[in-house]
Amino acid sequence: MTTSTGALADRLRHLLGPDRLLEGDLARSLYSHDGSIVGGACGLVALPETTDEVAACMRLAHEAGVDVIPRGSGTGLTGGAVPLDGGLVMSLARMREMGDVDVANSCVWVQPGVLNLDVSTAVAHLGLHYAPDPSSQQACSIGGNVGTNAGGPHCLAYGVTVQHVLGVEMVRPDGEVVVLGGVAPDPPGYDLRGLVVGAEGTVGIVTRVLLRLTPLPPDVRTMLLDFLSVTEASAVVQAIIAAGVIPAALEMMDRNMTMAVEEFVHAGLPTDAAALLLVEVDGTAAEVDTATAVVERVARTHGVRTVRVAQDEDERALLWKARKTAFGAVARVKPSYYLHDCVVPRTRLVEVMAAIGEITAREGVMCLNVFHAGDGNLHPIIALDRSDPDETERAMRAGDQIVRACVALGGTLSGEHGIGVEKRDYMPLVFDHDDLAAQACVRRAFDPDGRMNPDKILPTGTRCGEVGLADTQVPEGTWI
Amino acid sequence: MDLRPDDREEMAETLRAATADGRIVDVRGGGLHSRRGRPFTPDDILHTHGLARIVDYVPDDMTITVEGGVAVGEVLRLASECGQGWPQAPSQPDATVGGVLAAAVSGRRRLRFGPIRDSLLEVVVATGDGRIVKGGGRTVKSVTGYDLPRLFTGSLGTLGVIVQATLRLWPLPIAERWFTARGEAADMVAMAQGVLGDLHRPTAVIVGPHAVHVCLTGVPEDVVPPAGMIEAAEPTGLVVPSDGGVATGIMEAGVPPASLPALARRLADDGRDYEAWMGTGICHVAVSTPADVAAVRDLATLHAGHAQVIDGDEALRGDPFGPAPAGADIMRRIRDAFDPAGILCPGRFAAAEAVPA
């Protein structure tokens, strides 16, 4: 610990009390990790409970010139919450209050530590829900969702987090509290709210989030389709959407994944199928009937083996449990896993699935696929035992080749997990020097000292460049 | 002087030269959204019509990549040939893609399909100092890097010129129809609230001074007239800039959606022309004097919202936006980085009170 963090520790302890400033080796070790395989070094861990406390902590960190790393539930998969080089981890996990639901405007302010699923549970009696539903929704926090612009199966039709965040309260790196956006749409000026969502904690600490709540659909139908080849299943994904149906969710699971999940959940999944599609359509009763008919027709013309329609809410819940526990089920195969969440244009699904198969076979690693097929958002999960250095090395190599294959097919690095540390150095695959410099400028506009979650998202050494205009040159009477 | 570059490189070169020479530039697409912000005096008008190529259209991916000067109507025409549409776009076929994005002009179907910013996947811009910068990605889902597409949506030409955009398209609905009823304002507001409460995801519920207009989208069984309404064409020009005063203009108010009925009733009482997009909080209001601008803004503020002049003679644009928003210093630093010489539409984002440096 440097002198500056030592002095900072004294002031933070005074502010929060000894129970809410973690300084011990065990805590610092725990907070050096998240859901990824990235490890770092944690200086101090603060556990604020109010916006005022966050602001006070930020002022102290600002004065001490210490890096700040915001953290939610720590379920992130790219190292976004990992402190790389000491610094102050600000855990928002204790900020779990949910405000009163504004029923008339269908929205609610929540603190960042509120868990994703708890929002939908709390508003269900009002006929509302919070649409983004990452598979980790029982554990991941709204603050983390905002940081990564999280997705989930139902984002195919409903859109990702940024489309459901009306406003944020954010503590800036110097401790000032601002509210960006709000319940009144389209405030004047640049859409800073839109920039904060997905910025992975590099522009400030979000301390309250105004979530848009969506009416529960009047009717919903969930179908499980199974196929004897991944290619057929991929073609059906394309064909359903080409037929004019955007399902609420359209998920694919390959055989390796199906076997791991079935052993775990016992949902009656056909473990001999090469690929399963979980298709959900919702809307009015007439919309659901029409969409169901299209899905069945398309599937039957593309070699579907069976079409299983969930007969009741219990069966529907079971099918979704099978989908959402998939990552956990990998633990039955190997102790750890490594994955990317690249996106490819939907028309390239067949090719990319073939490429993933070839790459993982060549590297001799086991790959389980479960992903958001409807929007081309892959999750090739490479199961591994990290105590085996050779297997780990092969898994890393396979992951690297998968990323490059996706980009070569016109894809991009991340659909919903974010860039963090893990994909940071791949950014030049999709952005050139000027693109990255522009992003660095945006970041610097929020955080001139570069102390917020440093060395995430942008490759080390990415600079905004020298900017010459002084504030005094802004025309009088204008704010931009 | 009118400048008409033919491609993005020429666009960037033109901006580099303007930066070097310190010439003030305004950007012009279809010219439908140019009467915005505080007036300034440009040395040059930079036209985007030379950038009118369809770069890539992959119907099966439901994405289209076009240059910024392509007309909205052209995108809709191409898309419709493949059974697709761009439901977030405004009904302004002659506006350009770059123009409606730069001005963040969402269409009336916003209630069901969301604002226009949600349809922009990737953007390529020429910055004020002539760099070509890309942000976002062409896939329908991406969290790869900072969200430059959302930054540029609504930037009103103050950060750069949108030279290319990749848009997410949607299947054309099996059925879409507009319905209408006429009557007293209070009854129309009540009828609109009834439709919002009774129907699952109506596409548009628009209230004017003497009418309500509802758009329904979906399967034919659901696209039937709401009680008391009859089928009609999509309304046009509900808010016509009044020529009764010293000038003509339109303001856009944004209030909490639940406050819109009260705002609409009040606007009706005041005898104003308006178009309230129920359920979204958006309301367009005709204005003809600076006093009108102040009065409409006061009303919006009273209802916990804001109001800006989105189209107006210069006389109406002395204070087009109202008070500076939170984070104005962040906005200023972003602008400094994209347009370091301050040549792009300087002064457009004006406020009643300047923010202290």
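In what follows, every chain begins at residue 1, and chains take the letters A, B, ... in the order their sequences are listed.
- Annotation: maximal heavy-atom pairing with chain A below 4.5 Å, among C82(B), G83(B), P171(B), occurs at P171(B).
- Proximity to chain A is limited to the side chain of F338(B), based on heavy atoms less than 4.5 angstrom apart.
- Residue with the most contacts toward chain B among G415(A), A286(A), G376(A), A104(A): G415(A) (heavy-atom pairs, distance under 4.5 Å).
- Heavy-atom pairs under 4.5 Å with chain A were tallied for V124(B), L148(B), V255(B); the largest tally goes to V255(B).
- H372(A) touches chain B through its side chain: at least one heavy atom from C-beta onward sits under 4.5 Å away, while N, CA, C and O do not.
- E221(B) has its side chain out of reach of D289(A): every pair of non-hydrogen atoms, C-beta onward, lies at least 4.5 Å apart.
- Proximity of Y146(B) to L458(A): side-chain heavy atoms (C-beta onward) are separated by under 4.5 Å at one or more points.
- Closest of all the heavy-atom pairs between R333(B) and R444(A) is NE-O, 4.2 Å.
- Heavy-atom distances place the backbone of T280(B), and not its side chain, under 4.5 Å from chain A.
- Here D375(A) contributes atom CG and M62(B) contributes atom CE; the two are 13.0 Å apart, rounded to the nearest 0.5 Å.
- In terms of heavy-atom pairs under 4.5 angstrom with chain A, the leader among G279(B), P115(B), G254(B), A300(B) is G254(B).
- Taking every heavy atom of both residues into account, V183(A) and P256(B) meet most closely at CG1-CG, 3.5 Å.
- For a residue to count as touching a neighbouring chain, one of its non-hydrogen atoms must lie under 4.5 Å from one of that chain's; by this rule R110(B) touches chain A with the side chain only.
- Salt-bridge formation is detected for the pair R117(B)/D186(A): a Lys NZ or Arg NE/NH1/NH2 atom is positioned less than 4.0 Å from an Asp or Glu carboxylate oxygen.
- Of the listed residues (G198(A), A242(A), A438(A), P448(A)), the one with the most heavy-atom contacts under 4.5 Å to chain B is A438(A).
- For I132(B), the part lying under 4.5 angstrom from a heavy atom of chain A is the backbone only.
- When each of G244(A), G410(A), P345(A), A437(A) is scored by its heavy-atom pairs under 4.5 Å with chain B, the top score falls to P345(A).
- The part of T148(A) that comes within reach of chain B is its backbone (N, CA, C, O), which places non-hydrogen atoms under 4.5 angstrom from that chain.
- Only the side chain of Q238(A) comes within less than 4.5 Å of a heavy atom in chain B; its backbone stays farther off.
- In this structure, chain A has no heavy atom under 4.5 Å from any part of Q84(B).
- Atoms CG and CZ, from D435(A) and R131(B) in turn, are 10.0 Å apart once rounded to the nearest 0.5 Å.
- For A157(A), the part lying under 4.5 angstrom from a heavy atom of chain B is the backbone only.
- Residues D329(B) and R172(A) are in side-chain contact: their nearest non-hydrogen atoms beyond the backbone lie under 4.5 Å apart.
- The distance from atom CZ of F446(A) to atom CD1 of I330(B), rounded to the nearest 0.5 Å, is 4.5 Å.
- If you take CZ on R150(B) and CZ on R193(A), they are separated by 6.0 Å, rounding to the nearest 0.5 Å.
- Note on I241(A), T290(A), L192(A), V442(A): by heavy-atom pairs under 4.5 Å with chain B, the leading option is L192(A).
- Looking only at side-chain heavy atoms (C-beta outward), I334(B) and L195(A) come within less than 4.5 Å of each other.
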Could you go through residues 301-310 of chain B and list every donor-acceptor pair under 3.5 Å that involves a side-chain atom there, pairing it with any protein atom two or more places apart or in another chain?
| unit_1 | atom_1 | unit_2 | atom_2 | d |
| --- | --- | --- | --- | --- |
| T301(B) | OG1 | R297(B) | O | 2.7 |
| H303(B) | ND1 | L299(B) | O | 2.9 |
| H306(B) | NE2 | P185(A) | O | 3.0 |

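- With chain B as the partner, the residue from L180(A), V178(A), I246(A) showing the most heavy-atom pairs under 4.5 Å is I246(A).
- D60(B) places none of its side-chain heavy atoms less than 4.5 Å from the side chain of R346(A).
- Residue-level contacts of residues 135-145 of chain B with chain A, in order of numbering, are G135(B), G136(B), T139(B), V140(B), K141(B), S142(B), V143(B), T144(B), G145(B); threshold 4.5 Å between heavy atoms.
- Side-chain atoms of K134(B) come within 3.5 Å of backbone atoms of V430(A) as a donor-acceptor pair (strictly under, hydrogens ignored).
- With a 4.5 angstrom heavy-atom cutoff, I457(A) touches chain B only via side-chain atoms.
- Contact count against chain B (heavy-atom pairs under 4.5 Å) is highest for L156(A) among V245(A), V103(A), L156(A).
- Side-chain contact check for V197(A) versus D147(B): every heavy-atom pair is 4.5 Å or farther apart.
- The main-chain N or O of V133(B) is never found under 3.5 Å from a side-chain atom of D434(A) such that the two would form a donor-acceptor pair.
- Ranked by heavy-atom pairs shorter than 4.5 Å toward chain A, the options V125(B), D129(B), V58(B), L159(B) are led by L159(B).
- Note that the CG atom of D191(A) and the OG1 atom of T153(B) stand 8.0 Å from one another [nearest 0.5 Å].
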